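What you see is a predicted model, and the numbers here were worked out from it, not measured in a lab.
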Amino acid sequence: MGFEERRKKAIALMEDKGMWRSNYAPPILRLFWKMGGKMPPPPFAPFWLNTLFFAVWFGPLWGISMWFTIWKNQGFSVLFAMFTALFTGLLFGLFMALFHYWRKWANKLPDWKSL
């Protein structure tokens, strides 16, 4: 079974379970899919992949917005801003991965490979 077939089956299964679309297919992931990316929906993705995916986009976006709205005017160094954005991105990614791991367990979803 190909990626697209598995993704459609996974989405149908999560819809049947009553999960919110914003949880199993967040807008950033739908954009990633439209760009040709092949990542399973978060409840089916491995923990490390969820952590990495959510950290990579959140950290830089949050850091840039914080730099231009607050940190630059308060005199923070660029190095401090980059470290804080990296740490915050990793923390966000970790908590999102935990959330989706819990959603998989709570809804008794199968593994991606067994779809």
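- Here M66 contributes atom CE and W71 contributes atom CH2; the two are 5.0 Å apart, rounded to the nearest 0.5 Å.
- Considering every non-hydrogen atom in both A25 and W33, the closest pair reads CB-CZ3, 4.0 Å.
- Here the closest heavy-atom approach between residue P41 and residue A10 is recorded as CG-CB, 4.2 Å.
- F92 CZ: more than 12 foreign heavy atoms inside a 6.0 Å radius.
- Counting heavy-atom neighbours within 6.0 Å of F95 CZ, excluding the residue itself, gives a total of 12 or less.
- Salt-bridge check for E5 with K8: failed, with every basic side-chain N at 4.0 Å or more from each acidic carboxylate O.
- The local environment of CZ in R30 is crowded, with over 12 non-hydrogen atoms from other residues, nucleotides or ligands closer than 6.0 Å.
- When hydrophobic clusters are built by joining Ile, Leu, Val, Met, Phe, Trp and Tyr residues whose side-chain heavy atoms come closer than 4.5 Å, directly or via intermediates, L13 is grouped together with F3.
- Contact record, N73 with T69: ND2-O, 3.9 Å, taken as the closest heavy-atom pair.
- Considering CZ of F53 and CG of N50, their distance stands at 8.5 Å, rounded to 0.5 Å.
- Note that CE of M39 is 5.5 Å distant from CG of L29, once rounded to the nearest 0.5 Å.
- The distance from atom CG of D16 to atom CD1 of I11, rounded to the nearest 0.5 Å, is 12.0 Å.
- Atom-to-atom distance recorded for L90:CG and L52:CG is 9.0 Å, nearest 0.5 angstrom.
- In terms of heavy atoms, A81 sits closest to W67 at CB-CE3, 3.8 Å.
- The cluster map of Ile, Leu, Val, Met, Phe, Trp and Tyr, joined by side-chain heavy atoms under 4.5 Å apart, puts L91 and L61 in different clusters.
- Each of F47, F44, F54, W48 was scored for a ring-ring contact (aromatic ring centres under 6.0 Å, His included) with H100, with one residue passing: F54.
- K38 contributes atom NZ, which lies 6.0 Å from atom CD of E4 (distance to the nearest 0.5 angstrom).
- When the shell of 6.0 Å around CZ of F83 is examined, it contains 12 or fewer heavy atoms from other residues, nucleotides or ligands.
- Hydrophobic clustering, with ILVMFWY side chains joined whenever heavy atoms are under 4.5 angstrom apart, keeps V78 apart from L86.
- The cluster map of Ile, Leu, Val, Met, Phe, Trp and Tyr, joined by side-chain heavy atoms under 4.5 Å apart, puts W20 and M96 in different clusters.
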Please tabulate, for the side chains in residues 105-114, all donor-acceptor contacts under 3.5 angstrom to protein atoms that are two or more places apart in sequence or on a different chain.
unit_1	atom_1	unit_2	atom_2	d
N107	ND2	R103	O	3.0
D111	OD1	K104	NZ	2.9
S114	OG	D111	N	3.4
S114	OG	D111	O	2.9

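- Note: the hydrophobic cluster containing L98 also contains F87 (ILVMFWY, side chain heavy atoms under 4.5 Å, direct or indirect links).
- Looking at heavy atoms from C-beta onward, R6 lies out of side-chain contact with P40 at the 4.5 angstrom threshold.
- Ring pair W102/F99 is tilted by interplanar angle, where 30° to 60° counts as tilted.
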